[in-house]
Every structure is written in structure tokens, then in C-alpha cells.
Amino acid sequence: MSQDLIYCTTGIGLFALGLYGVLFVAHILRKLIAINISGIGVFLVLLATAKHEGVVDPVPHAMVLTGIVVAVAGTALCLWLTVNIHCRQITQQGESK
Amino acid sequence: MFNKLEFEENAKKTTRTSRLIKGLSAVTIGLLGSMLVLSVISAEKAAPELAQTALDSISLSGVENPVTAVLLNFRSYDTLLEIAVLLIVAVAMMPESSRNTSLTAANSRVPTHPVLIGLIRCVIPLSVILSAYLLWTGAYAPGGAFQAGAVLAGAGVALLLVKRWQLNYLRLSARAFMALGLAVFVIVAATVIPATGRALNYPADYAGALILIIEVAATLSIAFVLILLVDQLLNMANKQVKPQDTQTEGLDKS
Amino acid sequence: MLSLTIDIILGCGVLLLAFLSLFSRDLFLAIVLYISLGLLVTIAWARLDAWDVAIAEAAIGAGLTGALLLAAWHKIKEQSAPNPSTSEQSTPGQAQNVQ
């Protein structure tokens, strides 16, 4: 039982939870939250394997930093599309009435 | 499962996925997870060769913080493309209609709470100073362009939440501001070609200065793009009160 | 031993928050729980000596993603509500626009 094992297990657990959530949670915002939780799990595994005894590997750190920013950009784009699609659906419903 | 976008908050009862499928998927995902954990337990820890290589060549990179060195020197293509991704998202989320206002516009009719204004007056200068500090310490301690940009964007978002000030993202100056980070990065990448023969391969003597230039430009662009993302999501419906316009516009474009 | 206990508690807390955030009834609660999950993960990254990532996660991952999710949630709710209740719920500035 060591520190990296604990965090690897947590990360894998987060990934599994997020995967289940993406499949079976209904609301679209919850699906996005689930994708982000999966991403956090992946980052956690990467960083847990980056810590060696005495040496901290900077390469996974840089990759995770890049990943965080790209994840936020992707989430923002998804939310923007979601709100636009919803706006259009509401408009169509209003017209059909 | 993915046929229809669900917007209803209490839609649990309407989902048609059967319990069998849900249970089977849960078991499968659980098995996958436990196998991953087992593989982590049984795998031998790799020797940190890459880490040693990276840490040994820190002195060549021009900065002392290993993460900044990897981000902006050893693996700078990643960062270049990441800034490009941010710019693409910003382009995708640009507002459609142009307002004939200058880059920043103040709307003095919006009522403001004195507490909010007082908080803003304290928080915004502090955030700007913190952002500059993070940018500067990124050379030798945790910090760097992304953290500084995010803090600066937080300050900007707080300012826009008062709804008294607006930014016009379609002005040429705003668009130039957003593209600044990528442009400076590409220009630096190209100008080092005669000196070292390869793009993004900085000469060791000037590496620190070049990285600082890239980081300043990237910080400003990242902050502006993040402000655009939040502001568009926050204020979009105000501009789409007349939904028929947006629909015809969308059809024209498609 | 103490540090391992902290790690285990942190890991369990992260998993618990993720579970609650995914399966809570209220969507607003889910988003707020996701933000707090981001903040707890920040502590986990500090424990893993990833200070750069911890700063970025606190600022971008927890802060900005939470703001984006809350903004989208508010928009969707506002659009779904029929017009009379929209003008009641929204802020004074927006109500003027609707009327």
C-alpha cells in the first residue's frame, strides 16, 4: 500500500464512475460533468505514476496542465452548442403550438 | 441513450434504458476498473529515465521550473497547439451580431450594489497583481502562463458580472488580442529557424527571454479567450430574446 | 502512516463527491458538488507534489468550469420557463428586455 497506488485506484474509480455516468445519466449537463470527472480520473492516474522516489517527472505534469485547459475549452464549446440547440428546440415547440 | 438530448431536470422516470442493461454495464465497468487496478498493482514501476533526462537538461532550457521548461521548451509543440485549440473554440463561440460599440463600453444605467462595487475594487487589482506574480515566478517556481491567464480571466469575469461594463469581441482590436498568443508563438518559432536550424528550438542564450515573451502574450490571449467563453454563455440569451432571427440566421449559414 | 491515512481519506472523499455529484437529484447541487470535487482534487495534487497543476486546477478546472456550467444551467432554465415566469425570475435588466 503506497501513495501512488491509492491515487491510481482513486483515479480509476473516478474514470469508471464517469464512464457509467456518461452512459446512463439523463440530463445533458450531467453527462458533461461525467466526462469531466472521467478526465480528472485520467489526470490523477497520470500524476500518481509521475511521482517517483526523490524525482518528480515534469513531463506528465505538463501534459496534465495542457489537458486541463483543453478540457475546459471542450466543455465550453459543448455547453455553447447545448444552449443553442435548446434555444432552437424551444422556438420550434413554440411555433408548432 | 444518445438519441435525444435531455434537458428536463427530473427526467429519471422517462428514461427507457432497462435495469438489465444498466446492471450489465455497471458490472462490465466494474470489471474493467478492477482489472486496471490489478494491472497497476502488478506492474513494475518504470525507471524515471525521461524525468532524469528532462531534469538534467534544465540548464539548457532558460528557466528553472521543470514544468515550465517542458511546457515551453522541450514539448512546446503541445503548448502551441493547445493555444491554437483555445483560439478555435473562441472563434466558434464568437457572437453573431456586431454591435457598433468600441472595445469596452460602459452602461451607467445598470444599477449596482455598493457591496459588489467595493468587492470588485479590492479583488480586481489583487487578481491582476497575483496574475503578474504567477507569470513571473513561473520561471523558477510553480506558476506560469496558464495559471496567470486563468487568474486574470477570473478578474475579468468578476468585472463583467457587474453587467456595467461590456466588451465587444468583434472589434479588430479584440480579435487581434485573442490571436496575439498564437501569433507571437508562431513568430518566435519561425525566427529561431536561422539560428538553430529547427522551429521552436531556441538558442540557449536567449531561451529565457524568448520564453518570457511567449508567456506574456499567451497569458493575455488565454485570459481574453476565457473571458469570452464565460461571457458568451452568461449573456447569450439576452441577445436571443427574438429567437426567430437566430433561426433564420442559422438556416442561412447551414 | 499519518500521510497514508490522509491520502486514503482524500481518495475516498473524492470518490464520494464524484458519486454524489453524478447521482444527486438537484442539478444545481450536482454542479456545486462538482466544483467542490475540483477543489478536493486540488489538494490531492498538492499531495502528489504537482503544484503547477494544483494552481491551474483550482483556477481553471474548479473555478471556470463551474462558472461555465452554472451559466449554462441558468440559461437552459430561463429558456425552458414560459415567458411570464421568465420575467419574474430574471434580473431587473433582463425583465425590461422581455417586456
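Reckoned from all heavy atoms, side chains included, excluding hydrogens, waters and symmetry mates. Convention: sequence-line order gives letters A, B, ...; per-chain numbering from 1.
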Student: Would the distance check show the side chain of A:Arg30 and the main-chain N or O of C:Ser24 forming a donor-acceptor pair, the cut-off being under 3.5 Å?
Tutor: yes
Student: Heavy-atom distances under 4.5 Å only: say whether A:Ile90 touches chain C with side chain, backbone, both or neither.
Tutor: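 Answer is side chain: those atoms of A:Ile90 sit under 4.5 Å from chain C.
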Student: Just verifying a value: how many Å separate C:Trp45 CH2 and A:Ile68 CD1, rounded to the nearest 0.5 Å?
Tutor: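 The distance works out to 4.5 Å.
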Student: For C:Val41, which atoms come within 4.5 Å of any heavy atom of chain A: side chain, backbone, both, or neither?
Tutor: side chain
Student: Quick check: closest heavy atoms across A:Ile37 and C:Ser21, and the distance to 0.1 Å?
Tutor: CD1-OG, 4.1 Å
Student: Starting at CG of C:Leu4, measure out to CG of A:Leu5 and round the result to the nearest 0.5 Å.
Tutor: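 One finds 10.0 Å between CG of C:Leu4 and CG of A:Leu5.
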Student: Between A:Tyr20 and chain C, which part of the residue has a heavy atom less than 4.5 Å away: side chain, backbone, both or neither?
Tutor: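 Just its side chain gets close to chain C.
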Student: Hey, what do you get for CD1 (A:Ile6) to CZ (C:Arg47), rounding to the nearest 0.5 Å?
Tutor: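 The CZ atom of C:Arg47 is 9.0 Å from CD1 of A:Ile6, to the nearest 0.5 Å.
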Student: I need the residue from A:Leu44, A:Thr75, A:Val69 with the largest number of non-hydrogen atom pairs under 4.5 Å to chain C.
Tutor: A:Leu44
Student: Select one option (side chain, backbone, both, neither) describing which atoms of C:Tyr34 are under 4.5 Å from chain A's heavy atoms.
Tutor: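 Looking at C:Tyr34, just its side chain touches chain A.
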Student: Counting heavy-atom pairs closer than 4.5 Å to chain A, which one of C:Ile76, C:Leu68, C:Leu37 comes out on top?
Tutor: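 It is C:Ile76.
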Student: Which bit of C:Ile31 comes within less than 4.5 Å of chain A, counting heavy atoms only: side chain, backbone, both or neither?
Tutor: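 For C:Ile31, the contact with chain A is made by backbone and side chain together.
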Student: Taking the side chain as everything from C-beta on, heavy atoms only, tell me whether A:Thr82 gets closer than 4.5 Å to C:Lys75.
Tutor: no
Student: Got a second to check how far C:Leu17's CG is from A:Leu17's CG, nearest 0.5 Å?
Tutor: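 Rounded to the nearest 0.5 Å, the CG-CG separation comes to 11.5 Å.
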Student: Heavy-atom pairs under 4.5 Å with chain C - which of A:Val56, A:Leu14, A:Val25 has more of them than the others?
Tutor: A:Leu14
Student: To the nearest 0.5 angstrom, please state how far the CG atom of A:Leu47 sits from the CG atom of C:Leu48.
Tutor: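 Spacing of CG (A:Leu47) from CG (C:Leu48) equals 6.5 Å.
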Student: Which one of C:Thr65, C:Asp49, C:Leu10 has the most heavy-atom pairs closer than 4.5 Å to chain A?
Tutor: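 The candidate making the most pairs under 4.5 Å is C:Asp49.
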Student: Can you tell which part of A:Asp4 gets under 4.5 Å to a heavy atom of chain C, answering side chain, backbone, both or neither?
Tutor: neither
Student: Any idea which heavy atoms bring C:Ala72 and A:Leu79 closest together, and the distance?
Tutor: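 Of all heavy-atom pairs spanning C:Ala72 and A:Leu79, the closest is CB-CD2, 3.6 Å.
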Student: If you count heavy-atom pairs under 4.5 Å between each of C:Ile60, C:Leu64, C:Asp52, C:Leu22 and chain A, which one has the most?
Tutor: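 Result: the option with the highest number of such pairs is C:Leu22.
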Student: How far does NE2 of A:His61 sit from CH2 of C:Trp51, to the nearest 0.5 angstrom?
Tutor: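 Atom-to-atom, A:His61:NE2 and C:Trp51:CH2 are 11.5 Å apart.
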